[in-house]
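Throughout, protein chains are lettered first and strands after them, A, B, ... in sequence-line order, and every chain is numbered starting at 1. Predicted model only: the values in this text are computed from it and were never measured. Only heavy atoms go into these numbers, but all of them, side chains included; no hydrogens, no water, no symmetry mates.
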Amino acid sequence: MTRLLVTSALPYANGPIHFGHLVGAYLPADIFARYHRLIGSDVLFVCGTDEHGVPITVNAEKEGVGYQEYVDRWHEEIRGFLTRFGVEFDVFGQTSRPDPHHRLSLEFFLRLLHNRRIAPREVKQFYCATCDRFLSDRYVEGTCYSCGAERARGDECRQCPTLIDPLKLIDPYCVTCRSTPETRSVTQWELLLEGYPKRVGGAPDDLPGGKSLQEWFDRFATRENLKPNVYSTVVTKLVEQEKPRARPITRNLRWGIPLSALPDGAVPGLTPEEAAEKVLYVWFDAPIGYCSNTILWAREQGDEARWREYWIRPDDAPGDVRLVHFLGKDNIPFHCIIFPAMLAWQETDAAGIESVEKALGGVLGPGVGERYVLPENVPANEFYNLEGRKFSTSDRWYIDPDEFCEQFDPDVLRFTLVRTMPESADTEFTWREFQARTNELADAFGNFASRVLKFAEKYFDNRVPAGGAKDLLDPAPVDEHVAGLGAAIDGYRLRTALDHFVDIARLGNKFFDEQQPWKSRKDDLEACGAAIRACIRLLPVLAGAAWPFIPRTAERLWEMLGLEGRPTWPGSTDAAALLPEGHLLGEAGVLVPKISDDVVAAEVEKLHRRAAEGA
RNA sequence: GGCGGGGUAGCUCAGUUGGUAAGAGCGACGGAUUCAUAACCCGUAGGUCGGCGGUUCAAGUCCGCCCCCCGCCA
């Protein structure tokens, strides 16, 4: 059976995430994963926090807390946020964990080194003698050489749009101690991306993994496979125009995966003194978190080797595992260019296996030297704004998730987010739209369930009515929508999929109106019962179709039907067997409450007030 | 300045490889109905598909130029 390995971009453990992150990377992946769980696929949904890098050290130091303590806190915060909105991962790990993450990352590093995909290079960097450390971009400020603004940061100016080369700053100073840094030469290792495929059908290079990467690229980087926004970014822009170049993968920093964990001599040219100051660059180790978190999952299952079922492919079966990365458009380059290259270039020879074993004292997993699964697709979303502006915690332009959940059901947010998901262009969340979409769900879907169940409760003793003609409701259009819904989710078109769901509810409403059971109950109870029965039996179909999108609501409906367990996929559900004549229904109630104008107006006001107070 | 993405009914947007007289939801208007969360159902109005030119028997859909918005990079 085909396995699915679903990932969401690892959130950075340096602050809260917002609805934009949710709609871009977590919600679509969750829906995709839930759909596949529902139809019985073998699916693993992997995520975790990305916990290294300079911004974290800057902020942790500002707060005066340890790095680990700092990222642990945000890890829990982010996990709480996602859990609250119904995103259910199989595993949610942390990249700061030495085992397995640090070890696996070093393994990646060593294999790339053995395969000649990594090389050292001399670069110049600021060094602060007072603090006794190298200063990365964010640790140095000075006067902007472009606009003359003071306190320009080492990565970007506060005034003008210039991306700063920190070495060119006028009167640079260390942000920590204010002293003037000196310029030092330092060796960093770089990932050589020149071997990345030039085009579909091109010739691979001769280094290990080159052929696999090209073969993957030929399948992956096509108009048929990728969404238009992803295709143009990857192929037109990054590959054809900019051409992937070398990128540094080590830094002199005290927070990250230390190269000193490797034995002396494992990296030619790296002295123990240098190793003690170096860590892997955060962008390099972060995506490896997908793999290490899978190991974590397997370990929790009691069989660590099971991670191989998802990540390591047999020699000749490229399509055995469908690896799908969900993320926002800012992450397209990493996941379409850099990470696949890192994976493909893990393929190595006996000498490569031996050198890694020697350095790490026995291999971490049995994956050494074997072929990693490469992504089937990267269905990236565009950006999501809030009432016309970017979500921004610093500008106080955001919606507090705690306050949100006190008032509203997270499921109606999920519904709204899918309805307005930025699948092909930037979109935005507005409270007015949220109200409209929520009420749409309440009217078309929630109200249908209510009218049907209350009818049964009042006139049929809260049981599935018996007697009368069979199959009054034509199943063909329903089946078509169910099939269309599944195909749309599988093709990463969630808005279309949700359209199908709403259409099924509309079919139900239309049928109900045509049958006029409120009339027939007076003169033809059999016909009335048959109509209501047909409507009742549409409800488990709706519950199953709804579950990937609005799981808790779908489960509530399931309960109202007096059914056990969770909703099942409509395509594999026999509604008549599930709800036989005489079946006792559960307690009917309001499935989706509507939102009134004054509530929405209050939220809009609250949003603007908070932003104004912060200014 | 370069690149990318947008510019389709009042609003939010769909429109796969060019081809049945341009679609949906919301909003508006009219009708029907009363089982239901004043919900549902039926119908009407409304668009020179940013502008100009080209290719084609046929273009919102391909090509060229121009205008406006957003983003990334200079």
Exercise. Return the residues of residues 588-595 of chain A meeting this criterion: a heavy atom under 4.0 Å from some atom of RNA chain B. Order them by number, or give none.
Key: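 Under 4.0 Å from RNA chain B: Val590(A), Leu591(A), Val592(A), Lys594(A).
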Quiz item: Do any of residues 483-506 of chain A sit with a heavy atom less than 4.0 Å from RNA chain B, and if so which?
Solution: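 Residues of residues 483-506 of chain A under 4.0 Å from RNA chain B: Arg495(A), Arg506(A).
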Under 3.5 Å donor-acceptor pairs involving side-chain atoms of residues 510-519 of chain A, not counting sequence neighbours:
residue: Asp513(A); atom: OD1; partner: Arg451(A); partner atom: NH2; Å: 2.9

Solution key, residues 537-555 of chain A side-chain donor-acceptor pairs under 3.5 Å, sequence neighbours excluded:
residue: Arg537(A); atom: NE; partner: Leu579(A); partner atom: O; Å: 3.1
residue: Arg537(A); atom: NH2; partner: Leu579(A); partner atom: O; Å: 3.0
residue: Trp547(A); atom: NE1; partner: Glu555(A); partner atom: OE2; Å: 2.8
residue: Arg552(A); atom: NH1; partner: Arg84(A); partner atom: O; Å: 3.0
residue: Arg552(A); atom: NH2; partner: Thr83(A); partner atom: O; Å: 3.0
residue: Thr553(A); atom: OG1; partner: Asp411(A); partner atom: OD2; Å: 2.7

Among residues at least two apart in sequence or on other chains, which ones pass side chain to side chain contact (heavy atoms under 4.5 Å, CB included) with [X]?
| X | answer |
| --- | --- |
| Ala436(A) | none |
| Arg521(A) | Phe455(A), Tyr459(A), Leu525(A), Cys528(A) |
| Lys454(A) | Ala588(A) |

Quiz item: When you match Glu433(A) and Trp518(A) each to their closest nucleotide on RNA chain B, which lands nearer the 5' end?
Solution: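 Taking each residue's closest nucleotide, the earlier one in sequence belongs to Glu433(A).
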Self-check item: Dot-bracket line, read 5' to 3' along RNA chain B, where crossing pairs take [ ] and | marks a partner on another strand, Watson-Crick or G-U under 3.5 Å
Solution: (((((((..((((.....[...)))).((((.........)))).....(((((..]....)))))))))))).
Quiz item: Lys594(A): what forms a salt bridge (Lys or Arg N to Asp or Glu O under 4.0 Å) with it, not counting sequence neighbours?
Solution: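 Partners of Lys594(A) by the salt bridge (Lys or Arg N to Asp or Glu O under 4.0 Å) criterion, ordered by chain and then number, come out as Asp443(A).
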Exercise. Applying salt bridge (Lys or Arg N to Asp or Glu O under 4.0 Å), name anything that partners Arg493(A), two or more places apart in sequence or on another chain.
Key: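 Arg493(A) satisfies salt bridge (Lys or Arg N to Asp or Glu O under 4.0 Å) with no other residue.
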Practice problem: Provide the full list of ring pair (Phe, Tyr, Trp, His ring centres under 6.0 Å) pairs with a residue in residues 477-502 of chain A, sequence neighbours left out, each pair given once. | Solution: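 Applying ring pair (Phe, Tyr, Trp, His ring centres under 6.0 Å) to every pair that reaches into residues 477-502 of chain A, excluding sequence neighbours, yields Phe32(A)-Tyr492(A), Phe445(A)-Phe501(A), His481(A)-His500(A).
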Practice problem: State which residues pass side-chain hydrogen bond (donor to acceptor under 3.5 Å, both in side chains) with Ser450(A); sequence neighbours excluded, sorted by chain then number. | Solution: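 With sequence neighbours excluded, Ser450(A) shows a side-chain hydrogen bond (donor to acceptor under 3.5 Å, both in side chains) to no residue whatsoever.
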